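Below is one structure; the comments refer to it alone.
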Amino acid sequence: MHRRIIAPGALAAASLLLAIPASAASYSPGAPGIGDPYYPYYGNGGYDVSHYDLRLQYQPTTDELQGTATILAKTTQDLSSFDLDFLLDVSEVRVNGATASFTTSGQHELVITPKTPLAKGTPITVVVRYSGVPSSKTAYGFNTWHRTPDGAVAADEPEAAWWWFPSNDHPSDKATYDVSVAVPDGTQAISNGTLQSTSSKLGWTRYNWRQNKPQATYLATLALGRFDITTSTSDGGVPVVNAYSKDLGDNDGAARASVERTGEIVDWLSNYFGPYPFSSAGGYVPNTTTGYALETQTRVYYSPKQFANGSNTSVVVHELAHQWYGDDVSLKGWKDIWINEGFARYAQWLWSEHEGEGTAQQLADYVYASHPADDPFWTVKPGDPGPDDQFDIAVYDRGAAAVQALRNEVGDDAFFAILKGWPKEHAYGNASVADFQRYAEQVSGKPLAALFDTWLFQPSKPAVSAARTASLAKPGATVAQPKSWKKIEATNDLHDTRGR
């Protein structure tokens, strides 16, 4: 037996080593992306956010935004540093009360290094102080902060948060929100959820909004300007808050005639999808030049262009259907967009049926007959369309036809049980197309892999079912255009943000 003689200095070093957790070597930076193949640098790795507290001040004449974001999160790995998605100018960052160093990286990454590494499972409070002119910032060649004559709007998909608050910008990391905004007297600030309070001081009015249910970052919205705000309560007891820019011009009447039916439509959709999942409903129509609408949670964003040809309740139905399919149950990854758009489009078909302007089956037949087998329409796979085709019309129309094919396969009883049960099954969470298939099989008791593969994943026109109208299979066959088609077609650019 040999006894090793250890010098006093070595003993001290050994004691120090013993004091450091064995996992210290595993501390590493969080990934700059959450792992979504469509958008590799959207979201971040290493932590999960539970709440955003945003305290902002906005000057509409100069488009200057100042803010303090307090983010509550928990680490999911041993972190030496982590990223937030953000574009404005940062002056200070603190992590758990201590000053943290920070830098920027890539197109939209704020890289934060806390004073001490963070062990996995550690609750963290991140405070970011910032300022800037959002309209002056771009990433990947675009800007999603929309200036208006009297203010600005933050509403876009799949990204919008970077221009007004630091975040983990991916739908898979949902959180609750408090949004407090001070604006000059006479200007209003509108956001998601419920208006908790307002207060005025020295020429500024502060609006305090709360979203008490989990919300994806792209569904967080902010509208700053001069609005006419209406409030009501639906027959089903849902509070409704709508807002209209005071300078909508000729589109004002049609916008109100559509959006003021929100309470009625929410109650109607509840018959199909179950109880409305949030504390309030509503929408706003700012004076923007964009062409799309967006299902910003509880407070839908509508472009005035949606009402340029008159009232259109179909667009309201589409965006409110998203409150269940897309907002309450959000996609796991952006490839799962069919669960959002296929079902919101199908809700428009159900509304057409409700209005006596064409049944869902007639609309499905019309879509099928309108696109010959060699139409590129059929090459888009709604179940995984790819980032370039994520909002292609096929995701909407072929996606809704897939929903009708499911209805035909399982029968109305099982279909409507699926339609209503799905938002309850995954309430306030995230789910994928594969999850939906499993749920539909569970409820219906039928194997559905072949149907899902044919309608969602094959880049070709599905063969017409023998149970369907024989004329659909005849070359050159035509199907009468349902009365509702033009109204539905007018909403085809709902989420086409490429023109921004």
Side-chain angles (χ1 to χ4, degrees), residues 155 228-236 238-245 248 250-273 276 278 280-286 288 290-327 340-360 362-364 366-367 393 396-397 399-400 403 419 481-496:
D228 178 27
I229 298 176
T230 67
T231 60
S232 61
T233 303
S234 76
D235 284 346
V238 178
V240 178
V241 179
N242 295 322
Y244 309 89
S245 280
L248 287 179
D250 291 346
N251 292 325
D252 184 84
R256 291 172 188 265
S258 307
V259 179
E260 284 301 302
R261 296 184 68 180
T262 292
E264 169 198 349
I265 292 170
V266 162
D267 288 350
W268 177 79
L269 285 168
S270 296
N271 294 324
Y272 292 100
F273 299 154
Y276 183 71
F278 303 118
S280 70
Y284 70 97
V285 189
T288 61
T290 62
Y292 59 89
L294 183 64
E295 66 271 19
T296 39
Q297 193 163 305
T298 69
R299 197 107 314 111
V300 173
Y301 164 81
Y302 298 100
S303 162
K305 289 184 179 180
Q306 293 293 328
F307 311 108
N309 295 318
S311 64
N312 190 347
T313 53
S314 190
V315 66
V316 179
V317 169
H318 183 102
E319 301 305 336
L320 291 177
H322 274 310
Q323 304 303 305
W324 286 266
Y325 280 79
D327 295 8
N340 291 21
E341 301 305 344
F343 285 86
R345 176 67 103 209
Y346 194 77
Q348 293 176 269
W349 292 10
L350 292 173
W351 181 253
S352 168
E353 203 165 287
H354 171 71
E355 296 285 273
E357 297 182 342
T359 66
Q362 288 169 337
L363 285 156
Y366 185 73
V367 166
I393 189 59
Y396 295 70
D397 285 351
V403 178
L419 211 59
Q481 184 183 95
K483 186 179 178 182
S484 62
W485 182 255
K486 288 186 177 179
K487 293 178 184 177
I488 295 171
E489 193 175 36
T491 68
N492 282 352
D493 60 353
L494 281 176
H495 295 166
D496 185 2

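Everything quoted here is computed from the prediction, not taken from an experiment.
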Q: Could you please spell out the steps behind the side-chain contact (heavy atoms from CB on, under 4.5 Å) verdict for K487 and N309?
A: CA-CA 10 Å; K487 293 178 184 177; N309 295 318; over 6 Å; no
Q: Look at the aromatic rings of W351 and H354 and report parallel, tilted or perpendicular, splitting at 30° and 60°.
A: tilted
Q) Just wondering, do W349 and T359 contact through their side chains at under 4.5 Å, heavy atoms? A) no
(Q) Side chains of Y302 and E319 only: does a donor on one sit below 3.5 Å from an acceptor on the other? (A) no
Q. With no hydrogens and no angle check, do the side chains of E357 and S352 hold a donor and an acceptor under 3.5 Å apart?
A. no
Q.
Looking at every non-hydrogen atom in both residues, tell me the closest pair between A321 and L269 and how far apart they are.
A. N-CD1, 3.6 Å
Q | Spacing of T298 atom OG1 and D327 atom CG [to the nearest 0.5 Å] | A | 8.5 Å
Q: Find the distance between CG (N251) and OG (S245) and round it off to the nearest 0.5 Å.
A: 11.5 Å
Q) Would you say the side chain of N242 lies within less than 4.5 Å of the side chain of I229, judging by non-hydrogen atoms? A) no
Q) With a 4.5 Å limit on heavy-atom distance, are the side chains of N340 and E295 in contact? A) yes
(Q) Please determine whether side-chain contact (heavy atoms from CB on, under 4.5 Å) holds for the pair Y301 and T288, giving the CA-CA distance in whole Å, both sets of side-chain angles, and the decisive distance to 0.1 Å. (A) CA-CA 11 Å; Y301 164 81; T288 61; 2.8 Å; yes
**Q.** For N312 against A490, the heavy-atom pair lying closest together
**A.** ND2-CB, 4.0 Å
Q) Under the 3.5 angstrom rule, does the side chain of S280 hit a backbone N or O of P239 as a donor-acceptor pair? A) no
Q. How close do G263 and S234 get, heavy atom to heavy atom, and via which atoms?
A. O-CB, 3.6 Å
Q. For the residue pair S314 and I488, what are the closest heavy atoms and their distance?
A. OG-CG1, 3.7 Å
Q | Student check: side-chain heavy atoms of F343 and F273 closer than 4.5 Å | A | no
Q. With a 4.5 Å limit on heavy-atom distance, are the side chains of S270 and Y276 in contact?
A. yes
Q) Side chains of R256 and S311: do they bring a donor and an acceptor to under 3.5 Å? A) no
Q: Can you label the angle between the Y272 ring and the W268 ring as parallel, tilted or perpendicular, going by 30° and 60°?
A: perpendicular
Q | Pairwise distance CZ(F278) to CD(Q323) - rounded to 0.5 angstrom | A | 6.0 Å
(Q) Under a 4.0 Å threshold between the charged nitrogen and the carboxylate oxygen, would E264 count as salt-bridged to R261? (A) yes
Q: May I ask you to check whether Y244 and E260 show a side-chain donor-acceptor distance below 3.5 Å?
A: yes
Q. Are T233 and V238 side-chain neighbours, meaning at least one heavy-atom pair lies under 4.5 Å?
A. no
Q: Working to the nearest 0.5 Å, report the span between CD1 of I393 and CG of N492.
A: 3.5 Å
Q: Answer yes if the side chains of T491 and Y396 hold a donor-acceptor pair under 3.5 Å, and no otherwise.
A: no
Q: Look at the side chain of T231 and the backbone N and O of V241, then say whether any donor-acceptor pair between them is shorter than 3.5 Å.
A: no
Q) Is the number of heavy atoms from other residues, nucleotides or ligands within 6.0 Å of CG (D228) greater than 12? A) yes
Q: Taking the side chain as every heavy atom from C-beta outward, state whether L363 and E353 have any pair of such atoms under 4.5 Å apart.
A: no
Q: Measure the shortest side-chain to side-chain distance between H322 and Q297 over non-hydrogen atoms and say whether it is less than 4.5 angstrom.
A: no
Q | Spacing of N271 atom CG and L350 atom CG [to the nearest 0.5 Å] | A | 11.0 Å
Q | Residue pair V266 / A281: nearest heavy atoms and the distance that separates them | A | CG2-CB, 4.0 Å
**Q.** Main-chain N/O of V316 paired to T313 side chain as donor or acceptor, under 3.5 Å
**A.** no
Q | Presence of salt bridge, K483 and E355, under 4.0 angstrom | A | no
Q) What is the minimum heavy-atom distance between A293 and Q306, and which atoms define it? A) N-NE2, 3.9 Å
Q | Y346 ring center near Y325 ring center (under 6.0 Å) | A | no
